[in-house]
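Read through the structure below, which is laid out as structure tokens, and then see the notes.
All of these numbers come straight from a predicted model, not from anything done at the bench. Here, residue 1 is the first one in the sequence, and each next residue gets the next number.
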Amino acid sequence: MKIIITENKLEKVLKKSGTKKTIELLGGWDNFCKVFNIESPMDFLHLFDNLERVQSEEKKNWTLFRYKKGYNYIVYDRKNEEVYINNVDILMILLNMIQQFDTTYTVIQEVTKKWLGEVYNLKYTRPVPKLLPSSMMSTI
């Protein structure tokens with residue numbers, strides 16, 4: 001029996017279940033890349049072009065980017081002009097892309113910075129590839 005999954009449904013799965021589960025559903029990273037036409041780190045980042053932008057209720061200098069409350073993919077600290085990629089799936093994939101695309105951490109950081117500027121108008125920021133402590137995120 002064949003199961004047909006439309007691209008629209010896959011995008012919903014990606015938003016609801018996350019990158020890791022979507023990769024598993026598709027049978028691995030290679031299939032994920034084929035289905036979503038990922039040929040570069042920028043192609044991967046463009047999967048997250050439509051995150052909702054909200055002001056943090058707890059941290060006045062933070063802007064949050066997410067699909068749903070409590071799952072902040074990106075946190076922008078306006079005071080320090082730092083952007084935290086705060087999703088373990090995205091962070092791990094970006095770091096793994098260094099080897100996969102035979103590139104460097106600096107290149108991945110520059111690609112991420114370019115994407116943040118083009119898509120979310122976050123210019124002159126410094127992407128920081130680390131997860132924020134859960135104690136900082138639990139009330140946001």
For the residue pair Arg78 and Thr63, confirm or rule out a side-chain donor-acceptor distance under 3.5 Å.
-> yes
Which atoms form the tightest heavy-atom contact between Asn37 and Asp43, and what is the distance?
-> O-OD2, 3.5 Å
Inter-residue atom distance Leu122.CG - Glu81.CD, 0.5 Å rounding = 10.0 Å
CE on Met97 to CD1 on Ile38, rounded to 0.5 Å | 6.0 Å
One should read off an interatomic distance between Gln100 CD and Asp30 CG, to the nearest 0.5 angstrom, of 7.5 Å
In Å, rounded to the nearest 0.5 Å, how long is the span from OG1 of Thr22 to NZ of Lys16?
-> 11.5 Å
Should the heavy atoms of other residues, nucleotides or ligands under 6.0 Å from CG of Asp102 be counted, would the total exceed 12?
-> no
If you take all heavy atoms of Val83 and Leu116, which pair is closest and at what distance?
-> CG1-CD1, 3.6 Å
Closest non-hydrogen atom pair between Leu64 and Asn72, with its separation | CB-OD1, 3.7 Å
Identify whether Tyr71 and Tyr67 are in the same connected component of the hydrophobic contact network (ILVMFWY, side-chain heavy atoms under 4.5 Å).
-> no
Inter-residue atom distance Gln109.CD - Thr103.OG1, 0.5 Å rounding = 12.0 Å
Should Ile93 and Ile23 count as side-chain neighbours, where that means a heavy-atom distance under 4.5 Å?
-> yes
Do you know the tightest heavy-atom contact between Leu91 and Ile85?
-> N-CG2, 4.2 Å
Please step through ring pair (Phe, Tyr, Trp, His ring centres under 6.0 Å) for the pair Phe32 and Phe36, ending with a clear verdict.
-> CA-CA 6 Å; Phe32 180 85; Phe36 286 102; 4.9 Å; yes
Are Trp62 and Val54 connected, step by step, through hydrophobic side chains (Ile, Leu, Val, Met, Phe, Trp, Tyr) whose heavy atoms are closer than 4.5 Å?
-> yes
Might you confirm whether atom NZ of Lys68 has over 12 heavy atoms from other residues, nucleotides or ligands at distances under 6.0 Å?
-> yes
Which of these, Phe48, Tyr73, Phe65, Tyr76, sits in a ring pair (Phe, Tyr, Trp, His ring centres under 6.0 Å) with Tyr120?
-> Phe65
Evaluate the side chain to side chain contact (heavy atoms under 4.5 Å, CB included) criterion for residues Leu51 and Val119: first the C-alpha distance (whole Å), next the side-chain angles of each, then the deciding distance (0.1 Å), finally the verdict.
-> CA-CA 10 Å; Leu51 296 171; Val119 175; over 6 Å; no
Would you check if Leu45 and Leu94 make a side-chain contact, meaning some heavy-atom pair closer than 4.5 Å?
-> yes
Quick one: pull up CG in Leu47 and CD1 in Ile90 and give me the separation to the nearest 0.5 Å.
-> 9.0 Å
If every non-hydrogen atom of Met42 is compared with every non-hydrogen atom of Trp115, which pair is closest and at what distance?
-> SD-CB, 3.6 Å
Does Gln55 CD have over 12 foreign heavy atoms under 6.0 Å away?
-> yes
Side chains of Phe101 and Ile108: closer than 4.5 Å at any heavy-atom pair?
-> no
List the steps, then state whether side chain to side chain contact (heavy atoms under 4.5 Å, CB included) holds for Asn50 with Lys15.
-> CA-CA 10 Å; Asn50 58 354; Lys15 288 179 184 179; 3.2 Å; yes
